[in-house]
Amino acid sequence: QVQLVESGGGLVQAGGSLRLSCVASGRTFSRSGMGWFRQAPGKEREFVAANDWSGSKLYYADSVRGRFTISRDNAKNTVNLQMNSLRPDDTAVYYCAATRYRDGSNAASEYDSWGQGTQVTVSS
C-alpha cells in the first residue's frame, strides 16, 4: 500500500481557488494511478479527478471539468488538485487515493490506499 497525506484545504469564497496536495510514501508512487474523491455531509463519496502513472491521461467528473486540474510530480511523490472557480457545492472533504494499477479510474473500488482527507469549504 501507499501512505498518503493531503494538505491545502481551507475556507474560500465562491469564485476563489485552492490547491490541494497529496504526498505519497511506500509503494513506488510513479507506478500508480492517482485520484481525488470528495464526500459532502450526508452524501456518498464521489469521484473528482484522476490521472495515470505518467500524468498524461487525465480524467474528470463532469461537475469539475474545466475548473479543476489534476497534476503529479513523480520526482516529489506528489499529486495536486488545482481548484478554480469554486462553488458552494464543491464543499466537501477531499481525499487522495492510489490505485494498484498504472491507470487512474473513476471507481473508488479500484483504489487500495486513501489519505485522511482535507476539508474544503466554499462560502457563498
Side-chain angles (χ1 to χ4, degrees):
Q1 286 191 336
V2 180
Q3 290 73 49
L4 303 168
V5 179
E6 303 100 333
S7 62
L11 173 64
V12 64
Q13 288 188 333
S17 299
L18 281 175
R19 183 178 178 85
L20 305 183
S21 293
C22 174
V23 179
S25 60
R27 183 177 69 212
T28 305
F29 173 80
S30 62
R31 298 176 183 173
S32 297
M34 298 294 296
W36 287 94
F37 289 75
R38 67 187 182 186
Q39 187 166 18
K43 295 187 177 181
E44 293 186 353
R45 189 171 298 190
E46 65 174 1
F47 168 73
V48 175
N51 59 20
D52 74 333
W53 66 277
S54 69
S56 61
K57 293 183 180 180
L58 308 177
Y59 309 94
Y60 295 99
D62 288 343
S63 60
V64 307
R65 186 174 289 112
R67 300 187 298 122
F68 291 11
T69 302
I70 187 172
S71 62
R72 66 190 293 160
D73 185 338
N74 286 342
K76 297 181 178 179
N77 284 5
T78 301
V79 61
N80 302 303
L81 185 69
Q82 177 66 43
M83 305 185 296
N84 298 330
S85 301
L86 282 161
R87 308 186 305 220
D89 61 359
D90 293 318
T91 295
V93 176
Y94 283 70
Y95 297 90
C96 171
T99 175
R100 294 185 297 275
Y101 310 108
R102 287 183 173 248
D103 204 0
S105 171
N106 62 359
S109 59
E110 296 289 312
Y111 296 83
D112 64 347
S113 301
W114 293 83
Q116 82 287 352
T118 185
Q119 177 70 48
V120 170
T121 303
V122 184
S123 63
S124 57

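The first residue in the sequence is number 1, and the count goes up from there.
With values rounded to the nearest 0.5 angstrom, Asp73 atom CG is found 11.0 Å from Ser30 atom OG. Atom-to-atom distance recorded for Asp89:CG and Ser124:OG is 11.0 Å, nearest 0.5 angstrom.
Judged by distance alone, with hydrogens and angles left aside, the side-chain atoms of Arg72 form no donor-acceptor pair with the main-chain N or O of Gly55 at under 3.5 Å. Remark: side-chain polar atoms of Thr78 are paired, donor with acceptor, to backbone N or O of Lys76 under 3.5 angstrom. Side chain of Thr69 to main chain of Gln82: no donor-acceptor pair is present (N/O by atom type, distance under 3.5 Å, no hydrogens or angles). A donor-acceptor pair is defined here as one N or O able to donate and one able to accept, closer than 3.5 Å; no such pair exists between the side chain of Tyr111 and the backbone of Cys96.
The side chain to side chain donor-acceptor pair (under 3.5 Å) analysis of residues 2-13, with sequence neighbours excluded, yields the pairs Glu6-Gln116.
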Checking side chain to side chain contact (heavy atoms under 4.5 Å, CB included) for the pair Arg38/Ser63: CA distance, chi angles, key distance, verdict? CA-CA 12 Å; Arg38 67 187 182 186; Ser63 60; 3.5 Å; yes
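In the hydrophobic clustering of this structure, Val48 groups with Val12; members are Ile, Leu, Val, Met, Phe, Trp, Tyr whose side-chain heavy atoms approach within less than 4.5 Å, directly or through other members. Val2 is not connected to Val5 by any chain of hydrophobic side-chain contacts under 4.5 Å among Ile, Leu, Val, Met, Phe, Trp and Tyr, and they are in different clusters.
Heavy-atom neighbours of Arg102 CZ from other residues, nucleotides or ligands within 6.0 Å: above the threshold of 12.
Checked against the 6.0 Å centroid threshold, Tyr59 and Phe47 do not count as a close aromatic pair.
Residue Trp36 comes nearest to Ile70 through the heavy atom pair CD1-CD1, 3.7 Å, listed as atom of the first residue, atom of the second, then distance.
The side chain to side chain contact (heavy atoms under 4.5 Å, CB included) test with Ser71 is passed by exactly one of Val79, Leu81, Asn80: Asn80. A ring pair (Phe, Tyr, Trp, His ring centres under 6.0 Å) with Phe37 holds for exactly one of Tyr95, Tyr94, Trp114; it is Trp114.
For the pair Met83/Val64, no side-chain contact is recorded, criterion being any heavy-atom separation below 4.5 Å from C-beta on. Asp52 has its side chain out of reach of Tyr101: every pair of non-hydrogen atoms, C-beta onward, lies at least 4.5 Å apart. Side-chain contact between Trp53 and Ser32: absent, with no pair of heavy atoms (C-beta onward) separated by less than 4.5 Å.
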